[in-house]
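Sequence lines set the chain letters: A, B, ... in the order given, protein chains first and strands last, and positions in each chain run from 1.
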There are 2 protein chains.
Amino acid sequence: MEEFAAIPEVVILRLPRYVRVLKQLIQEQVSTVSSERLGQRLNISAAQIRKDLSYFGRFGKQGQGYKVEGLLNELNRILGLDRQWNVCLVGVGRLGRAIIGYPGFAPEGFQITAAFDITPGIVGQSVGRLQVQAMDELARTIKSKAVRIAIVAVPAEHAQDVIDRLVECGVRSILNYAPITAQVPSGVWVRNIDPVTFLQSMTYYLREE
Amino acid sequence: MEEFAAIPEVVILRLPRYVRVLKQLIQEQVSTVSSERLGQRLNISAAQIRKDLSYFGRFGKQGQGYKVEGLLNELNRILGLDRQWNVCLVGVGRLGRAIIGYPGFAPEGFQITAAFDITPGIVGQSVGRLQVQAMDELARTIKSKAVRIAIVAVPAEHAQDVIDRLVECGVRSILNYAPITAQVPSGVWVRNIDPVTFLQSMTYYLREE
DNA sequence: GTTTGTGAATTCCTTCACAGCT
DNA sequence: AGCTGTGAAGGAATTCACAAAC
C-alpha cells in the first residue's frame, strides 16, 4: 500500500466499474471472486485489477481471491459512496427533465435535491418532486443543502457562466452535459457527457467500408 | 506523416474535440489558429495537438498556424464526418425518447432513422417522426437503411442480448447507455455513456471535506 | 519574430513474473 | 495447487526542444 504517491486518475475511473460488477455478483449470490474472473467481466487484465486495488490496501487472500461483499464495502468507502450526496441540476429543458426523471441516480446515493433555470416560464414549475428555482437562489440553496456536486444541462453558450457560478458557490464536482470544455480552477472536477463526440470518434473506424 | 503505424485511440478520441472548437472559431470569424490557442480552449498542450495532427499529415504553416476552415475539412474527412450516418436506436423508454428528441445529433450528420423496442405496447407508437418497430424487423431495416451505428438504451439486463443482435445484423459501432461492459467481437466499437460511474469517480475527490 | 513538425527524452500506465501466503 | 501483491520490465502517451519554414 503506497500511502503517499498520488493515485492515477485512470485508476479512480475504473473503481466504479469494479463496484458495479461486485454488486452484480452479489445479486448472483457469488461470495468470492478472483481478479481473473473480475477482469473477464470488465475486459480488464487481472494484473491491472490487482495493481489498482493495491493502491488502497490488501483486500484479497492468496489462493482464494476477494470476498465480494468485503471488497465492495472497501471500494464504497474509498470512493465516498458510503453516504448520500445531494446534487443540484442547472438547466431544466428537455435534457434536464430527462435527468430529473432518470431513476438511476437515487439508488446509487445521488439525490437531485434542487433544480435551477434561467427562463421565467420554467422557474416555479414542478418537475418530478422538484420545484424549479431561479438562478439567484443558487448560492443559498447550495449552502443550505450542502451541495458539492452539480449537473449542468444548459445550452453550450451558457455553460461556462453557469459553471463559474457553481464553482463560486462551492460546488467541487460537475457533470457537464454541454458540449464545451469548461475552464475551472484546480480543485474542481468536471466530467463531460457527450454522445456526439463519441459517435464522431467511432465513425473514424467505419470511414472506409 | 506516419502512414503505417496504428493511430492510438486516445488521439482519435481527441479529434472530435478539435472539430468542435474549429466550428466555434468559424462562428467567431477566426480564420487562422495556432496549436497554442487551440490548446488553450481545450486544456490540451500545443505539442499534443501538433503531435496528434502529425499522425495524419501536415496541415499547418510555420509561423502562421492552421487555416481554421482547412483544418476542419481535413478532420471531417479523417473522421468520416463528411457524410450522413444513419443510426438506429434500440429501447424506446424514457431515455430512448429523450435521445430521439435530442436535437444535437442531426446537425452533426447523425440521423436516427429507426427505433426498436420489445414491448408490445410501445411497438407501433409514433415518437418524433419515427414509428417504433418490433425487434424482428431489426435485420431487415438495418440492411435496407445501411445502418452501421446503433444507440442502445435498454435496461442493463437486456443490453448484451441487444448488442449481440445488432452485431449479427452488421452494426459496427455502438453507443451504449446501459450500465454494462459489453462483450463484442473485434472490429466492433462500443462507447459507454454512464453518468453514474462519472459521479462515482468524482466523489473520490470529495470524500474527506 | 512566430509557429510548425518531429525525433528524443520523459513521464505515465500496463503487463510480467514470481515470492509468499492460504 | 491457487491466487494475491508487487517490484521490475516493457510499452504507450505526453512533453521537450529545436531545426526548418514562413
Worksheet item: Which of the following nucleotides, D:dA8, D:dA13, D:dT14, is nearest to the side chain of A:Lys51?
Response: D:dA8
Worksheet item: Roughly how many Å is it from CD1 in B:Ile49 to C1' in D:dA13, rounded to a whole number?
Response: 15 Å
Discussion item. With a 4.0 Å cutoff (strictly under), does any side-chain N or O of A:Ser45 reach OP1 or OP2 of C:dT14?
Written reply: no
Worksheet item: Given B:Arg14 and B:Asp52, is the salt bridge (charged side-chain N to carboxylate O under 4.0 Å, His left out) satisfied, shown in steps?
Response: CA-CA 8 Å; B:Arg14 277 191 294 264; B:Asp52 283 357; 2.6 Å; yes
Discussion item. Using whole Å, what does the distance between atom C1' of nucleotide C:dT3 and atom CD of B:Gln40 come to?
Written reply: 14 Å
Worksheet item: To the side chain of B:Ala47, which of D:dT15, D:dC22, D:dT14 is closest?
Response: D:dT15
Practice prompt. Give a yes/no on whether any side-chain N or O of B:Arg37 is located under 4.0 angstrom from OP1 or OP2 of C:dT2.
Written response: no
Worksheet item: So, is A:Gln64 near the phosphate of D:dT4, with a side-chain N or O under 4.0 Å from OP1 or OP2?
Response: no
Response to the item:
Heavy-atom nearest pair, B:Val167 first then B:Pro185, reads CG1-CG, 3.8 Å
Discussion item. Please pick, from C:dT14, C:dC16, C:dG5, the nucleotide with the shortest atom-to-atom distance to any side-chain atom of B:Ser54.
Written reply: C:dG5
Fill in: From C:dT15, D:dT4, C:dT6, nucleotide with atom closest to A:Gln62 side chain
D:dT4
Worksheet entry | Euclidean distance, atom CG of residue B:Leu71 to atom P of C:dG5 [Å, nearest integer] | 9 Å
Worksheet entry | Selected nucleotide, minimal atom distance to B:Arg58 side chain, candidates D:dT15, C:dG5, D:dT14 | C:dG5
Discussion item. Just the rounded figure in Å: distance from C1' of C:dG1 to NZ of B:Lys61.
Written reply: 18 Å
Worksheet item: Rounded to the nearest Å, what distance is computed from the CG atom of residue B:Leu13 to the P atom of nucleotide D:dA13?
Response: 11 Å
Discussion item. Donor-acceptor pair, distance only, cut-off 3.5 Å: does the side chain of B:Lys67 make one with the backbone of B:Ser31?
Written reply: no
Worksheet item: Which heavy atom of A:Val90 sits nearest a heavy atom of A:Val154, and at what distance?
Response: O-CG1, 3.5 Å
Practice prompt. Report the residue (A:Ile44 or B:Ala46) whose heavy-atom-nearest nucleotide on DNA chain C is the more 5′ of the two.
Written response: B:Ala46
Discussion item. Tell me whether the side-chain N/O atoms of B:Tyr66 come closer than 4.0 Å to OP1 or OP2 in D:dC22.
Written reply: no
Worksheet entry | B:Arg50 vs C:dG5: side-chain N/O to OP1/OP2 distance below 4.0 Å | no
Worksheet entry | Rounded distance in Å - CG (A:Asp52) to P (D:dT6) | 13 Å
Worksheet item: Toward the 5' end of DNA chain C, which comes first, A:Glu9 or B:Leu53, by nearest nucleotide?
Response: B:Leu53
Discussion item. Distance check needed: D:dT15 C1' versus B:Gln48 CD, whole Å only.
Written reply: 9 Å
Fill in: Nucleotide D:dA13, atom P - distance to CD1 of B:Ile12 in whole Å
11 Å
Fill in: For A:Arg17, the option from B:Asn192, B:Asp194, B:Thr181, B:Thr197 that meets side-chain hydrogen bond (donor to acceptor under 3.5 Å, both in side chains)
B:Thr181
